[in-house]
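A note on names: the letters A, B, ... follow the listed sequences, proteins ahead of strands, and every chain is numbered from 1.
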Amino acid sequence: MDYLFKPSRRALLGSGAFAALGIATGGALARDPDPLITELQDWASITGAGVDETPYGLPISFESDVVRRNVEWLTASPISSINFTPIHALDGTITPQGCAFERHHSGAIELRKEDYRLMINGLVDKPLVFSYEDIERFPRENHVYFCECAANTGMEWAGAQLNGVQFTHGMIHNMEYTGVPLRTLLNEAGLGAAGDLKDKWVYVEGADASSNGRSIPMEKALDDVLVAFKANGEALRMEHGYPVRLVVPGWEGNMWVKWIRRIEVIDVAVESREETSKYTDVYEDGTARKWTWVMDAKSVITSPSPQMPISHGNGPLVISGLAWSGHGQIRRVDVSKDGGITWETARLGKQGDTKALTRFYLDTEWDGSPMLLQSRAMDDTGYVQPTKDQLREMRGENAVYHNNCIQTWYVNAEGVAENVEVS
Amino acid sequence: MSKFPNSRPMKTFILPTFGVLGFVIGSGYALAKTNYGDRKIGFLEEQIAKVGTGVQQAKLLLPAEAEKRATAAKVAEAESARAAELETQVAQIQERARAVTGRQKKVASAPTPGKKLGLGRTALTEEIAAWDVDVVPGGRGLPDGSGDVATGEEVFADKCASCHGDFAEGADNWPVLAGGFDTLGDADPVKTVGSYWPHLSTAWDYINRSMPFGEAGTLTANETYSIVAYILYSNDLVEDDFELNRDNFADFEMHNKDGFIFDDRPAIEYTRWRTEPCMKNCKAEVKVTMRSVFLVETPADGGTESVMNPASIDDLPTFSADGPSFVPVSAQDMDRQNNAVGAAQVIEETDPDAQLIATGKKIFRKCKSCHAVGEGAKNKAGPHLNNLIGRRMGSIEGFKYSSAFKLASKEERIWSEATLDKFLTEPKVYAKGTKMSFRGLKKEKDRIAIYEYLRQFE
């Protein structure tokens with residue numbers, strides 16, 4: 001009966017394949033010869049798909065459950081809504097565009113390159129309009145950055161809510177962007193008219209119906225912000241702002257304005273709806289923190305997790321997860337199997353870039369006893385990811401945004417994982 | 001690892017120390033290749049300094065035992081020689097690292113052009129006017145115009161009320177625009193234009209450019225003034241004879257204008273949390289205090305289904321440094337999971353047929369990754385299973401069956417309770433050469449349940 005409780009298809013296939021060999025019952029020796037080996041299989045005999053069948057490939061059908069998913073009741077309409085990256089099923093750090101989460105406020109629009117215009121105006125020497133072609137003629141850079149919605153893990157403030165890392169932590173993606181530094185475009189328009197740049201802002205807005213305007217302090221605008229037109233080597237997807245979006249490394253996803261159409265140099269913050277009504281953090285006494293742009297260091301174990309139960313029984317187990325920080329690089333990740341009593345330092349898959357996802361692994365043995373799995377990231381400023389209680393002590397339970405707490409999965413003796421909170 | 005404990009006997013401290021240094025050099029070397037050269041060399045240099053200190057300490061330590069002096073002197077000498085050798089190695093590493101860095105100079109960020117590239121064209125005044133419509137606190141950027149509450153009520157009823165309610169109270173799940181005063185400190189703060197928004201300009205700006213949802217940018221300036229006046233009225237912030245215009249705009253103070261502070265995480269939080277974390281015995285005991293409220297199911301056809309999680313925190317082990325207090329009896333946990341399938345099915349459990357079907361549905365999760373069933377079911381890795389009983393084997397149009405099933409189709413074999421039972425017992429035996437890679441259902445009652453479940457889709 002065990003399969004009834006293994007929600008993931010992957011787990012089902014795993015146990016199915018091995019049970020036939022008798023491995024599931026504990027023996028390493030096959031009882032019967034494996035027909036997959038002893039019998040001629042179709043794929044080893046009949047020919048496969050031709051090169052003209054799939055001009056642009058999608059994942060093989062067996063992976064059809066590795067998709068973005070939304071939780072309907074979270075918003076009034078799927079047009080102004082969010083879906084979640086299936087981070088439970090991914091490995092490495094780069095998020096394929098096709099399953100990278102989407103959040104838009106008026107739906108994803110189709111805007112042709114030919115119809116694309118980018119205006120720079122306000123306190124500049126010469127207000128300019130660029131075509132898409134113009135943008136590609138400026139010197140460009142490549143950088144990998146994570147983009148995390150400020151509301152990622154936002155459901156979890158008041159308690160464990162959604163059972164699945166895709167839903168607790170999936171408002172994040174990590175891509176390699178190609179783009180022109182914003183500072184280059186600003187220089188082209190000339191910042192002489194802005195005078196002292198210290199107290200100036202750059203206001204950015206999108207071409208979609210929501211316009212999603214945000215004010216960015218000049219210091220950041222001149223630092224590492226990119227006007228990007230490619231992600232993971234190919235054109236941006238419609239849902240990520242094709243043909244051009246803003247990339248604001250380490251800062252909340254809402255500022256990464258998609259379909260960016262206007263950049264205004266201005267002497268005050270516009271205090272748009274997205275920086276007052278939304279993306280501000282309400283504290284217990286009712287006051288709210290604003291301009292909370294940076295995403296602090298955070299990590300989560302992606303496997304095992306509720307959608308990735310341990311299906312292989314006792315023995316070698318790879319605990320795998322993601323860590324990131326809006327302040328810089330991940331220096332270290334610790335993993336606990338007992339809810340934070342004892343910690344072991346995990347291995348970083350490779351040193352992640354600054355403000356980009358880092359993959360970590362703990363290669364361990366599982367003896368079949370229950371675990372309370374946690375991970376804890378440290379970035380290169382020495383900041384240590386706080387526990388949920390530490391965060392709540394500082395901010396209460398109503399902040400909605402910027403929840404970077406340590407996540408706990410309870411793994412039971414069958415290897416089934418569940419989202420829990422611990423003392 | 002780089003400490004030189006005074007109390008250890010000489011032999012054991014020298015050898016492992018060299019061993020460690022060897023490792024340090026080795027990894028320093030490897031890291032130099034990966035661009036961490038400078039930092040690691042700094043570290044190496046520290047190590048050398050420590051070897052030096054070790055030598056000093058060895059010297060200090062020794063006079064106490066005169067007979068060991070000679071050995072100690074030799075040791076000190078050996079260490080000094082070793083340190084010199086290390087320094088030569090460091091020099092070599094540095095040279096390598098410089099070569100590597102030199103190579104990496106070829107990676108550079110895009111140059112900020114010293115002069116303008118002359119790309120783009122001047123934006124025309126009309127173009128700027130069309131796009132630059134933002135309104136900032138105090139009302140800078142507002143166009144001429146005005147609007148009163150009464151007009152606003154009409155426009156709002158016409159263009160906004162379908163989603164936001166007649167009184168801006170929010171219909172269904174759509175945003176609430178009015179009320180919520182004095183709730184910001186509650187467990188569920190109601191953040192509305194009236195209770196939360198610090199600037200009136202934000203309301204004008206947002207409504208003007210982004211609402212109505214689905215027809216953004218269609219409001220006239222006067223309409224927007226009147227709607228904003230009406231929203232203020234709905235929030236009891238103005239009287240019913242209020243008129244809003246460009247001139248009185250700046251005077252209007254919002255209820256929550258002082259409710260915001262700037263990001264103070266650096267002062268309040270970073271100072272606390274930039275510390276070396278605890279690694280061992282960090283807590284005496286850990287208990288589960290809450291389990292996930294929702295179980296989120298992920299159907300093959302996309303989206304999610306959220307189901308209340310009936311599991312309780314009772315009977316879960318507590319954790320200490322020795323591990324979990326006990327290993328729960330697995331069946332109990334499983335039952336809890338099992339119960340999570342939903343209230344509807346719990347009720348059905350009393351009816352034996354319904355119960356079979358419900359069990360069948362659960363077992364079908366094993367098939368779901370490859371087979372769809374129900375309205376609109378399409379072929380996946382396997383054919384859809386609608387109208388299965390009575391259907392000719394291998395007969396679904398457009399599905400590429402194995403030759404085993406093609407033959408069965410030619411022979412006009414039919415799916416019945418009996419044939420399905422045989423097939424599902426051992427698919428590879430019943431249909432030799434089938435491409436259904438599934439081990440089968442060993443338990444008869446599972447096969448019966450699946451049969452009862454599939455019969456639902458005739």
Side-chain angles (χ1 to χ4, degrees), chain A residues 4-5 9 12 16 19-20 35 42 61 69 71 76 119 121 127-130 134 137 139-141 159-164 167 184 188 209-211 262 268 270-271 273 276 282 285-288 290-292 338-339 341 343 369-370 382-384 386 398 412-414 418-423, chain B residues 109-112 116 119-121 123 128 131-132 134 136-137 173-174 184-185 189 197-199 202 206 209-210 216 259-263 269 273-274 277 279-280 282-283 286-296 303-304 317 319 321 324 327 330 333-334 337 362 366 369 381 428 435 439:
Chain A
L4 290 189
F5 313 105
R9 184 176 66 86
L12 294 179
D42 280 355
S61 59
R69 291 176 189 273
V71 174
M119 181 186 289
N121 75 311
L128 292 174
V129 173
F130 298 117
D134 292 333
R137 293 175 66 192
R140 65 186 84 149
E141 294 183 357
Q161 295 291 319
L162 296 174
N163 205 34
F167 312 106
T184 303
E188 187 70 15
S210 80
S211 92
R262 196 169 70 90
V268 290
V270 169
E271 304 265 8
R273 182 250 187 177
T276 52
V282 179
D285 65 354
T287 55
K290 68 174 182 176
W291 300 355
T292 42
D338 55 15
I341 299 170
W343 295 87
S369 57
Y383 175 97
V384 179
N398 299 324
N412 73 12
E414 279 78 46
E418 189 180 323
N419 179 8
V420 296
E421 272 188 24
V422 292
S423 57
Chain B
S109 43
T112 309
K116 307 211 159 146
L119 295 170
R121 61 164 177 83
I128 296 174
W131 275 8
D132 185 352
D134 56 63
V136 302
N173 211 359
W174 303 97
L184 297 183
W197 293 29
H199 309 287
T202 309
Y206 180 71
R209 62 164 91 222
S210 310
F260 291 80
I261 54 163
F262 296 120
D263 188 1
E269 296 181 356
W273 295 335
R274 283 181 179 154
M279 296 298 285
K280 272 204 176 71
C282 304
K283 301 173 181 176
V286 176
K287 274 199 186 76
V288 171
T289 53
M290 181 176 184
R291 303 177 69 159
S292 190
V293 173
F294 296 102
L295 299 175
V296 187
T304 53
F319 286 71
V327 176
S330 32
D333 260 20
M334 284 177 138
Q337 291 279 332
K362 278 186 250 162
K366 300 209 64 161
S369 49
K428 297 269 176 197
K435 60 180 193 179
R439 70 177 149 155

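- Of the possible polar contacts, one joining the Glu141(A) side chain to the Ala110(B) backbone as a donor-acceptor pair under 3.5 Å is found.
- Your options are Ile341(A), Val422(A), Val420(A), and the one with the most heavy-atom pairs under 4.5 Å with chain B is Ile341(A).
- Only the side chain of Lys435(B) comes within contact range of chain A, with heavy atoms under 4.5 Å apart.
- In this structure, chain A has a heavy atom under 4.5 Å from the side chain of Tyr206(B), while its backbone stays farther away.
- When Pro137(B), Ala216(B), Ala321(B) are compared by the number of non-hydrogen pairs under 4.5 Å with chain A, Pro137(B) comes out ahead.
- Salt bridge status for Lys116(B) with Glu188(A): absent, with no side-chain N to carboxylate O gap under 4.0 Å.
- At a 4.5 Å heavy-atom cutoff, the contact between Trp197(B) and chain A is made by side-chain atoms alone.
- Listed by chain and residue number, nothing satisfies the ring-ring contact (aromatic ring centres under 6.0 Å, His included) test with Phe319(B) (two or more places apart in sequence, or in another chain).
- In the displayed structure, Arg137(A) atom CZ is contacted under 6.0 Å by at most 12 heavy atoms of other residues, nucleotides or ligands.
- Your options are Ile128(B), Asp132(B), Asn173(B), and the one with the most heavy-atom pairs under 4.5 Å with chain A is Asp132(B).
- For the pair Cys282(B)/Trp343(A), a side-chain contact is recorded, criterion being any heavy-atom separation below 4.5 Å from C-beta on.
- For Asn121(A), the part lying under 4.5 angstrom from a heavy atom of chain B is the side chain only.
- The most heavy-atom pairs under 4.5 Å with chain B, out of Gly159(A), Ala288(A), Gly286(A), come from Ala288(A).
- A salt bridge links Glu271(A) with Lys290(A): the distance from a Lys NZ or Arg NE/NH1/NH2 to an Asp or Glu carboxylate oxygen falls below 4.0 Å.
- In this structure, the portion of Pro198(B) lying under 4.5 Å from any heavy atom of chain A is its side chain and not its backbone.
- Annotation: maximal heavy-atom pairing with chain B below 4.5 Å, among Met119(A), Arg140(A), Gln161(A), occurs at Gln161(A).
- Only the side chain of Pro324(B) comes within contact range of chain A, with heavy atoms under 4.5 Å apart.
- When the ring-ring contact (aromatic ring centres under 6.0 Å, His included) test is applied to Tyr383(A), the partners found at least two apart in sequence or on another chain are Tyr270(B).
- Between the side chains of Arg273(A) and Thr202(B), no donor-acceptor pair of N or O atoms lies under 3.5 Å.
- When each of Val136(B), Val288(B), Thr289(B) is scored by its heavy-atom pairs under 4.5 Å with chain A, the top score falls to Thr289(B).
- In this structure a side-chain-to-backbone donor-acceptor pair under 3.5 Å is missing from Ser292(B) to Glu418(A).
- Taking chain A as the reference chain and counting heavy-atom pairs below 4.5 Å, the highest number among Gly185(B), Gly259(B), Ala123(B) is found for Ala123(B).
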